[in-house]
Amino acid sequence: AQKVTQAQTEISVVEKEDVTLDCVYETRDTTYYLFWYKQPPSGELVFLIRRNSFDEQNEISGRYSWNFQKSTSSFNFTITASQVVDSAVYFCALSEEAGSARQLTFGSGTQLTVLP
Amino acid sequence: NAGVTQTPKFRILKIGQSMTLQCTQDMNHNYMYWYRQDPGMGLKLIYYSVGAGITDKGEVPNGYNVSRSTTEDFPLRLELAAPSQTSVYFCASLITQFKEAFFGQGTRLTVV
């Protein structure tokens with residue numbers, strides 16, 4: 001069974017600080033995809049990034065970067081020079097390839113608060 | 001682009017009442033999902049469908065039913081509403097499980 005753990009329930013930082021959101025996953029499949037979504041206070045869910053299990057290259061998009069390590073089953077998300085607008089709940093998610101396990105499983109989310 | 005449309009956006013139900021949450025997508029996506037998000041919590045999968053005529057239970061299916069008669073529509077039915085079903089419900093669709101999910105705006109349901 002697939003599982004996603006986001007151990008950090010809430011994180012609070014001051015603007016311009018860097019912050020890393022942790023995501024640890026469990027899967028028996030060798031082919032799977034990992035995702036990060038953002039849920040701002042307005043409530044909608046916004047897709048941020050997708051990564052497949054065969055691509056361990058880190059990715060950077062502006063102030064956002066992602067570190068995928070299969071050896072530790074982790075897919076961590078770092079925001080550099082955080083801004084107040086980054087305040088949101090961030091969800092990590094996992095989707096497997098195998099047969100009936102076609103579920104998209106979310107972690108419990110990390111509430112990030114960026115203080116001015 | 002309409003994307004994923006959920007109706008209604010808000011609803012208050014009395015205990016024991018029934019209702020259907022509507023979800024429609026216009027992207028010809030095969031995969032559709034219903035999630036619930038309790039206050040301060042993550043998303044829990046209720047039901048999902050990988051194509052018309054095919055549905056399957058997720059993590060928390062009790063008290064709900066779904067159908068998928070067309071590719072576009074994936075309604076969620078609550079038969080006997082209970083206070084424990086007070087939540088925000090999200091519908092999502094994907095072209096495959098390896099692509100990003102498109103979410104509706106959510107339905108905030110309160111059962112009193």
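A quick note: this is a predicted structure, and the numbers were derived from the prediction, not measured. Proteins come first, then strands; the chains are lettered A, B, ... in the order of their sequence lines, and each starts at number 1.
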### Message
Is there a side-chain contact between B:Phe90 and A:Gln39 in this structure, where contact means two heavy atoms from C-beta onward sitting under 4.5 Å apart?
### Response
yes
### Task
Quick one: pull up CD1 in A:Ile49 and CD in B:Glu100 and give me the separation to the nearest 0.5 Å.
11.0 Å
### Message
Quick check on A:Lys16: does its NZ atom have over 12 non-hydrogen neighbours (other residues, nucleotides or ligands) under 6.0 Å away?
### Response
no
### Message
Counting only heavy atoms not in B:Arg108 (residues, nucleotides, ligands), do more than 12 fall under 6.0 Å from its CZ?
### Response
no
### Residue part contacting chain A, namely of B:Ala92, when any heavy atom lies under 4.5 Å
neither
### Message
Using a 6.0 Å cut-off, check whether atom CD1 of B:Ile12 has over 12 heavy atoms from anything other than its own residue.
### Response
no
### Query
In this structure, are over 12 heavy atoms from other groups packed under 6.0 Å from B:Met27 atom CE?
yes
### Task
Write down the atom of B:Gln37, the atom of A:Phe91, and the distance for their closest heavy-atom approach.
NE2-CZ, 3.4 Å
### Task
Inspect the surroundings of NZ in A:Lys38 and state if more than 12 heavy atoms from other residues, nucleotides or ligands are less than 6.0 Å away.
yes
### Query
Among the clusters formed by ILVMFWY side chains lying less than 4.5 Å apart, do A:Leu94 and A:Val24 turn up in the same one?
no
### Query
Where on B:Leu45 is there a heavy atom nearer than 4.5 Å to chain A: the side chain, the backbone, both, or neither?
side chain
### Message
Is the shortest side-chain heavy-atom distance between B:Lys99 and A:Tyr33 below 4.5 Å?
### Response
no
### Query
Looking at side-chain heavy atoms only, is the closest gap between A:Leu104 and B:Tyr35 below 4.5 Å?
yes
## Note on the structure
Heavy-atom nearest pair, A:Leu45 first then B:Phe103, reads CD1-CD2, 3.5 Å
